[in-house]
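Please read all numbers here as calculations on a predicted model, not as lab measurements. As the structure lists them, so they are numbered: ligands from 1, and atoms in each ligand from 1.
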Amino acid sequence: MKTFYIETFGCQMNVHDTEKVVGILLAQGYSRVLEPGQADLVLYNTCSIRDKAEQKVFQRLRQFKREAGRDKRFAVLGCVAQQEGLRIFEKAPHVSLVCGSASYTRLPGMLEQLEAGARRVTGLELDAGETFETPFTRRDNPYRAYVTVIEGCDKSCAYCVVPFTRGPERSRTSRSVMEEVRRLAGAGCTEVQLLGQNVNSYRDPSAAGWDFAALLARVAEVPGLRRVRFTTSHPRDFVRGIVEAIDSNPVLANHIHLPVQSGSSRVLERMQRLYTREDYLRRIEWIQVARRNIAISTDIIAGFPGETEADFQETLSLLDDVGYASIFSFKYSPRPNTPALGLDHQVPEEEKGRRLAMVQEKQRAIQLARNAELVGSLQEVLVEGYNQATGQWIGRTAQNRVLNFTRAGSNGASLLGEYLSVRVTRAGPNSLAGESVESAGTPPAAESV
Ligand code: SAH
Ligand code: SF4
Ligand code: F3S
């Protein structure tokens, strides 16, 4: 019996790619093991967005260097594979397979070459066409599913490797998306998350010609779905039609992730983000005047080259102006091939750290205050897990907040995948706590705020 172990780093796109790769491996007669020590084939699906992420895979590979041999093979997939290509064989000579995400449909043939004894196999073409779907995708979660709608990225943000690691934008046909979503809903899945590095530039390549707002509206009409999410939106391509779609169908979750990166127009220009602070705030206003209460989250980079103290203060003031429900924040990390490498005035590491800490401290206070507003309210959650240590169920609200809750008399019966109404009793900066008050399946007593 052939066995494999896979570990995933990086974004939701990578998590979903792993589901495709797992399906391909199972179809090729492999079985999955949960320890690398037990596997004939160890795969790392890698991320290259920041240096730290890239280093992780090389650390892992070093750990197992001595075990590699005819009976134990190593594969590097994903964004580091695409970025480093054949150099991976130099850095880690015990690796036998290097394959970027655009080539996963060719994995079966590549696995056969490996099994036939090939020492080094590669899949590094970026123009491999249709890579959205395999007939094999093995999703981990029966209730929530990722669905890729667009691959790649045509922007050229000065700090970012994604255009190199995922190639140019390729949209999937609306028909193929709709078929997959209907099939998922038919199998009992109630939440789908549409994925793309820039979902807003989705353009149906078929005659129907839908834009992203149109696709979103149609997906939300598929019977059986209760929540539809999407990520990521680029502010430049974000249109009001998306807010209107959310306003007109409650199945579309009231949460938008709109990465800003910096609050300073000067820095945004150096980042080649193609919008100013004012352009961004106009989009925020569209969202904030919507009929529904839509949570907004963002990404921030601290210490981009040339970011002055005054620029940085503008990022802090933007956090106050928008009042984000949550943020992801990072120190700027210089990346290979990116235009920002050539910029002068790099910010010292220590100063980046100081700025990052200030961003996080400010946001923590904002989140605590925003979450505290929810105490006493009723929220509908999808139950995603159970925490043995605390005896709490883990739920997620439509606005994407984590709400840990207790439920009297649940008698150990699984609530996973159910939608429950939960009264919020406490708020922390990163999550809420509460008690489930209604029986499963009943609609929430109030529109979730
Ligand atoms: N397509 C998405 C972002 C994908 S990368 C978008 O355009 O928003 C996710 C986040 O990683 C980015 O939003 C950015 O905040 C961060 N990031 C990307 N490159 C980075 C780098 N070189 N250093 C630090 N953070 C980076
Ligand atoms: Fe990277 Fe910019 Fe593309 Fe996002 S939009 S993936 S940050 S290049
Ligand atoms: Fe990382 Fe690649 Fe995603 S670089 S963030 S895994 S697109």
Fill in: Residues Gln367 and Gln363: side-chain donor-acceptor under 3.5 angstrom
yes
Note: heavy atom closest to atom 20 (C) of ligand 1, options Phe328, Tyr159, Tyr332, belongs to Tyr159
Within the side chain of Arg172, is there an N or O that forms a donor-acceptor pair under 3.5 Å with the backbone of Thr148? yes
A student checking ligand 3 against Asn14 at a 4.0 Å heavy-atom cut-off should list atoms 6 (S)
Checking heavy-atom distances from atom 13 (O) of ligand 1 to each of Thr231, Thr232, Asp299, the winner is Asp299
Logged contact type for Arg50 with ligand 1, heavy-atom cut-off 4.0 Å, is side chain
Is a donor from one side chain sitting under 3.5 angstrom from an acceptor on the other, for His257 and Asp299? yes
For this session: Say whether Asn198 and ligand 1 are in contact under the criterion: heavy-atom distance to a ligand atom below 4.0 Å.
Result: no
task: Could you verify whether a donor N or O on one side chain and an acceptor N or O on the other, from Arg229 and Tyr146, lie under 3.5 Å apart?
output: no
Practice prompt. State, without any angle test, whether Asn45 and Thr18 hold a side-chain donor-acceptor pair at a distance under 3.5 Å.
Written response: yes
With heavy atoms and a 4.0 Å threshold, my read on which part of Phe330 contacts ligand 1 is side chain
Going by the angle between their ring planes, with limits at 30° and 60°, are Tyr324 and Tyr280 parallel, tilted or perpendicular? tilted
Inset, instruction - Measure from the side-chain N and O atoms of Arg270 to the backbone N and O of Arg266, and report whether any donor-acceptor pair falls under 3.5 Å. - result: no
TODO: Would you check if there is a donor-acceptor pair between the side chains of Thr165 and Gln83 at a distance under 3.5 Å?
DONE: no
the protein heavy atom lying closest to atom 15 (O) of ligand 1 turns out to be Gln261 OE1, 2.7 Å
protein heavy-atom neighbour closest to atom 8 (O) of ligand 1 works out as Pro259 CG, 3.0 Å
the protein heavy atom lying closest to atom 2 (Fe) of ligand 3 turns out to be Cys79 SG, 2.2 Å
Query raised in the report: Do Thr190 and Tyr419 have side-chain atoms, one donor and one acceptor, less than 3.5 Å apart?
Result: yes
- prompt: Are the side chain of Asp311 and the backbone N or O of Ser264 linked by a donor-acceptor pair below 3.5 Å?
  reply: no
Numbered in order shown, the ligand 3 atoms found under 4.0 Å of a heavy atom of Cys11 are 3 (Fe), 5 (S), 6 (S), 7 (S)
Taking atom types as modelled and ignoring hydrogens, do the side chains of Ser262 and Glu307 form a donor-acceptor contact shorter than 3.5 angstrom? no
Here the atoms of ligand 3 under 4.0 Å from any heavy atom belonging to Cys47 are 1 (Fe), 4 (S), 5 (S), 6 (S)
Of all protein heavy atoms, the one nearest atom 4 (S) of ligand 3 is Ser48 N, 3.3 Å
Counting heavy atoms under 4.0 Å, the part of Lys331 that contacts ligand 1 is backbone
Any heavy atom of Ser333 under 4.0 Å from ligand 1? The part involved is both
Mark the output for Arg166 as yes if a heavy-atom distance to ligand 3 is under 4.0 Å, and as no if none is. yes
Side-chain donor-acceptor contact under 3.5 Å, Asn198 with Asp237: yes
Once the angle between the rings of Phe9 and Tyr44 is folded into 0 to 90°, is it parallel (under 30°), tilted (30 to 60°) or perpendicular (over 60°)? tilted
Item to complete: Could you verify whether a donor N or O on one side chain and an acceptor N or O on the other, from Thr173 and Ser206, lie under 3.5 Å apart?
Response: no
Under 4.0 Å from one or more heavy atoms of Gln197, ligand 3 contributes atoms 7 (S)
Atom 3 (C) of ligand 1 has as its nearest protein heavy atom Gln197 OE1, 3.9 Å
Atom 7 (S) of ligand 2: closest protein heavy atom, distance to 0.1 Å, is Tyr159 OH, 3.4 Å
### Query
Do Lys20's NZ or CZ and the ring of Phe136 fall within the cation-pi criteria of under 6.0 Å and 45°?
no
closest protein heavy atom to atom 7 (O) of ligand 1 is Arg273 NH1, 3.5 Å
Sub-3.5 Å donor-acceptor pair from the side chain of Asn200 to the main-chain atoms of His234, do we have one? yes
Counting only protein N, O or S atoms and ignoring waters, those under 2.8 Å from atom 2 (Fe) of ligand 2 are Cys157 SG
Going by the 4.0 angstrom heavy-atom rule, the piece of Ile49 near ligand 1 is both
